[in-house]
Amino acid sequence: MTLTGPAPTGLTGSPDRSRLLDVLARRQPGRSLPGECYTDEALHRLDLDLLWSRQWVFVGSVAEVPEAGDYLTVDIGSVSVMVLRDDDEQVAAFRNVCRHRGARLVDETHGSVGNIVCGYHRWTYGTDGRLLHAPQLAPGTDLSCLGLRKVALRVVGGLVFVCLAADPPGDIDDVAALVEPYLAPHALERTKVAAQVDLVEDGNWKLTMENNRECYHCDGHPELLCTFFPTWGLEEHQVPARLRPAHDRYLLAETDLELACEQRGIPFRAVEDLVDRPVGFRVQREALDGAGESFSRDGSRLVGRLLGDLDEPRLGRATFHAQPNVWAHFLADHVVTFAVLPVAVDRTLVRTTWLVHEDAQEGVDYDVEALTEVWKHTNEQDAAFVGLTQRGVSDPTYEPGPYTEPERQVDAFVTWYVDRMREEAGR
Amino acid sequence: MTLTGPAPTGLTGSPDRSRLLDVLARRQPGRSLPGECYTDEALHRLDLDLLWSRQWVFVGSVAEVPEAGDYLTVDIGSVSVMVLRDDDEQVAAFRNVCRHRGARLVDETHGSVGNIVCGYHRWTYGTDGRLLHAPQLAPGTDLSCLGLRKVALRVVGGLVFVCLAADPPGDIDDVAALVEPYLAPHALERTKVAAQVDLVEDGNWKLTMENNRECYHCDGHPELLCTFFPTWGLEEHQVPARLRPAHDRYLLAETDLELACEQRGIPFRAVEDLVDRPVGFRVQREALDGAGESFSRDGSRLVGRLLGDLDEPRLGRATFHAQPNVWAHFLADHVVTFAVLPVAVDRTLVRTTWLVHEDAQEGVDYDVEALTEVWKHTNEQDAAFVGLTQRGVSDPTYEPGPYTEPERQVDAFVTWYVDRMREEAGR
Amino acid sequence: MTLTGPAPTGLTGSPDRSRLLDVLARRQPGRSLPGECYTDEALHRLDLDLLWSRQWVFVGSVAEVPEAGDYLTVDIGSVSVMVLRDDDEQVAAFRNVCRHRGARLVDETHGSVGNIVCGYHRWTYGTDGRLLHAPQLAPGTDLSCLGLRKVALRVVGGLVFVCLAADPPGDIDDVAALVEPYLAPHALERTKVAAQVDLVEDGNWKLTMENNRECYHCDGHPELLCTFFPTWGLEEHQVPARLRPAHDRYLLAETDLELACEQRGIPFRAVEDLVDRPVGFRVQREALDGAGESFSRDGSRLVGRLLGDLDEPRLGRATFHAQPNVWAHFLADHVVTFAVLPVAVDRTLVRTTWLVHEDAQEGVDYDVEALTEVWKHTNEQDAAFVGLTQRGVSDPTYEPGPYTEPERQVDAFVTWYVDRMREEAGR
């Protein structure tokens, strides 16, 4: 299999790269990025060329392509990627571009095909990407040179990552080994999509990621706070007196959860390597407030049928985060994944997907409105925060302020971003 | 008459031109253009500056300005051109810009004026462009220096072409001599507009032109295929067995048509010079399927009154194509013209105009819905193809694939484009 | 108080500045600006960086922030400015940007706050801009370095000007001394907002200003011409015969007005310094046609309660104009202010505000529809003129034509613009 990296584009030559390095040099530890990183068109093209085209990008889960011929598509900048389950039931990815005159092959976010037939001139490809038929092609043309361009793909615990580069970062195997034990009990391969919502936020993708990396703003999420402990992200000494009762409840719930996990051989403690590797990640199981089962108003389960072979609904949430673009919560009764995809320098798509056991029946085992309520509201609240921040950092005199301790992971994300961009700009 | 070419613009200096030449050098014969040619803003500005501002551009027909004072306007990039029938019944063209403070003079696509009066400060020009009156202008100002700027204009068989350059390509006279015998029997000067539809396609103008230059995709045009022979564009040896009956029908219809043309002294065979001259063109008369008369579901005529002095409805279509931006079909009962005009790097206006005999009565001799049905559907189908292609070629790894034999004229168009751009970039 | 100027931006380096100087060098006295000045994105960024970020900009009046805690916001390019009446009843201005992660603090054009609380993470500032509270900020952080960034502000006769530069032009004090005697009798500080309308014109901000500086186009303003004398802007020798009766009426009204002003110690004659200073301005009291009191169909007053301590409704209009972005009419019964704010190279916000005595009662003393009718129509007519001009000057062959004598102030504005841009580009 030959993978093809992006061609050099005339738009992103050395003047923009030196400017990028100058801007990154102005970033101070413990503070956010200079405003240009969120607002400048040329720097955004470098984000696409140097980061999104070279890192592993989350695109969805195996549950979105359950049968042979099922596909999903995502846009990474101007690149459309088609993720397809082939006739051998393997999941693979291709550039969604006909090898003839370049028409996009499929135009929906999800669908199903027998072969992949270009709508323009009927060039026909197998689900393995081989060109099977092209009408009236000159005799002697070597069809084997005209197969769809493959895109590197790796499944981690049912989550699908692709990489547009010819030489994807190799450490995803190490990350998979560390993360899969946390995700495996939820058996993503035996789930189905209960709901999917696309929300476009009016801000740069990094603001969306930074927003997600702290709960310092969680006063703005009343629905989420029904089950998120209000002391999330605080060190022991940081807990204010008014939150002491909630924190004691949290400590007790954590003890209970640890025991339940030990009894079932499910890993529990945080594993994190956010800065020093291409696939910056974090995974941990944490207790939820209230009944401790799911993202409902009282914390009780939202789906009657539990995932995989789980026998206990009160397992909190295993939360997985990977850079540049995913976080996901794995609960006993459902999984919710979030894919962050850049649309423009100041617009970002957040695709949220709720997954339930493949045998769960809508209307019997779960109600879609109830299942999706908390995160729909939370996403909209976050979109408003991101929009306000995008507009504020556009002021040319904006100077990043200091992070507080609850923003430790934001700092880690920003540091990871700066390191990756420096590495890639220097290649 | 002094014609004025475009001023040099600071935006399109030598770095962009060298990049253009680099990109054009990557084009391989028999394949489409590199993706940047369709997606890059700076290259699009060079299309406007080096091609659209220097070649002859189709803007409409004499039938759209039937009376003295009637005008039409088209936008060629940021330039609005006003085509006007003057008080001597001659058709002329002007920049649609007041010589005072630059207000656009007329703001509709079609209209009628006595004099041309700027709405801002009432500066008043004759239909010959001379400044007749400007209130309170300083005494002694030489009005003769403040007439409207003329634009070169040439009528070919009733089709109106303009050229924004001061030194328009001279070969349009040769082309006119070759083409007019095909168009003259349809007497465009004795037609009227029955309908006009503006459609904006979400793709670069070159994709719109390439789409039109082949019927390799005509399976996607069910309405058009009622009268387009399905073997259009195929050489004898390329006709597949399943299309043999249709092809035999085609050969018979061609023989019939040739005879009918000979009897009436109407030229029939293809004349084509698509690559080697500024006004790349092709003209030919071809049979239609079914009744062979018009673009209807069964091929029978759509307008009772035939054009000019024609006495025979079954005359197929004389098809005229000229680069960069026009194709038109001349039938016994009507003419349909297509003007392609760039709106943005990824948006293109297609203006379709149906013309019938000036004495034909709507509701009696023709029905507008029936007259326009086939090409309305066909245009929308083509717009979808163009949109898919625009999005696909935006992938930076897109490499143009090989043209097939039915795409010979697409190859010719692209070669013409490359040659013209190289010539103009080197001036 | 430390004021902070805009950071240098990588986008507006020396190539754009030399191009600007080249374009400005092409401007001929007595003619408008070259077309690029209105249409070129890079030159527009220089307008923002070199002019809007360095000159005094009108943002509204003290009547828009009547109580402590009341604020208004305006966008100057990508900069949002918050104008606030503080707890000591002083009006001050801040960058509308949180010092933490840059969120915009307030998102409405008008509102009221106790403290200024960032919606994102609850950082809380006093109305004096000091950071009062930031949850969980690292111990020892110096809050005094994290106050809101102040913006220079100056009130002139109740009109509020801000300057984004650290070293605002000092001549505003001289201008204030000259202008305030004209405005003071109208007592803006004792008015309230009766109506405010935002209109976005599809043209460059300079076209909006140029349009306002002449009545050569006033034939296009039928409502305004009820009270604007049709010979406005004409020298005695320029009055055409057909306008002689109107001009005689004008001369008589001026004599009456001068007398009424002298009796009350209100200044009357024009004071103007449009070109040679940073705060180019003009102020004058002029008679109105008809009843001579207000902008109504017959010239009679629109508000029963007169402004300040005025005892006479027939006082014409004191008209104040300052560059780059304001004009305002002060009548006996109301004031109407116009703020011009650039939105994009080809889009401009005109915010019109009608102010009446703070004790005037809607429905009793005035009717909002009647009060706003003339200028609503006039603004819409002007927006159409500006839109037509924007599209016309986009033609690269547009060459500015000669101004007529009634366009003297347009010439002055353009000359002021060229001088300011040259000064600033050379700093």
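Chain A is the first sequence line, chain B the second, and so forth, proteins listed ahead of strands; every chain is numbered from 1. Computed from heavy atoms alone, side chains included, the values below leave out hydrogens, waters and symmetry copies.
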By a 4.5 Å heavy-atom criterion (distance strictly below it), what part of [X] contacts chain B: side chain, backbone, both, or neither?
{"X": "C/Glu407", "result": "side chain"}
{"X": "C/Pro406", "result": "side chain"}
{"X": "C/Val410", "result": "side chain"}
{"X": "C/Asn211", "result": "both"}

Residues that C/Gln284 engages under side-chain contact (heavy atoms from CB on, under 4.5 Å), provided they are two or more places apart:
C/Ala270, C/Arg282, C/Glu286
Under the side chain to side chain donor-acceptor pair (under 3.5 Å) test, residues paired with C/Arg31 that sit two or more places apart:
none
Basic-acidic side-chain contact under 4.0 Å: C/Asp219, B/Arg122:
no
Salt bridge flag under 4.0 Å for residues C/Arg213 and C/Glu210
no
Could you tell me if C/Trp52 and C/Asn325 have a donor-acceptor pair between their side chains, going purely by distance under 3.5 Å?
no
Are C/Arg347 and C/Asp202 close enough that some pair of their side-chain heavy atoms sits under 4.5 Å apart?
yes
Side chains of C/Phe295 and C/Glu223, heavy atoms from C-beta outward: is any pair under 4.5 Å?
no
Picking from C/Ser32, C/Gly35, C/Ala384, C/Gly401, which has the most non-hydrogen pairs under 4.5 angstrom with chain B?
C/Gly401
Residues of residues 134-145 of chain B with a heavy atom under 4.5 Å from any heavy atom of chain C, in residue-number order, are B/Ala134, B/Pro135, B/Gln136, B/Leu137
Ordered numerically, the heavy-atom neighbours of chain C under 4.5 Å found in residues 123-130 of chain B are B/Trp123
Parallel under 30°, tilted from 30 to 60°, perpendicular over 60°: which one fits the rings of C/His221 and C/Phe385?
perpendicular
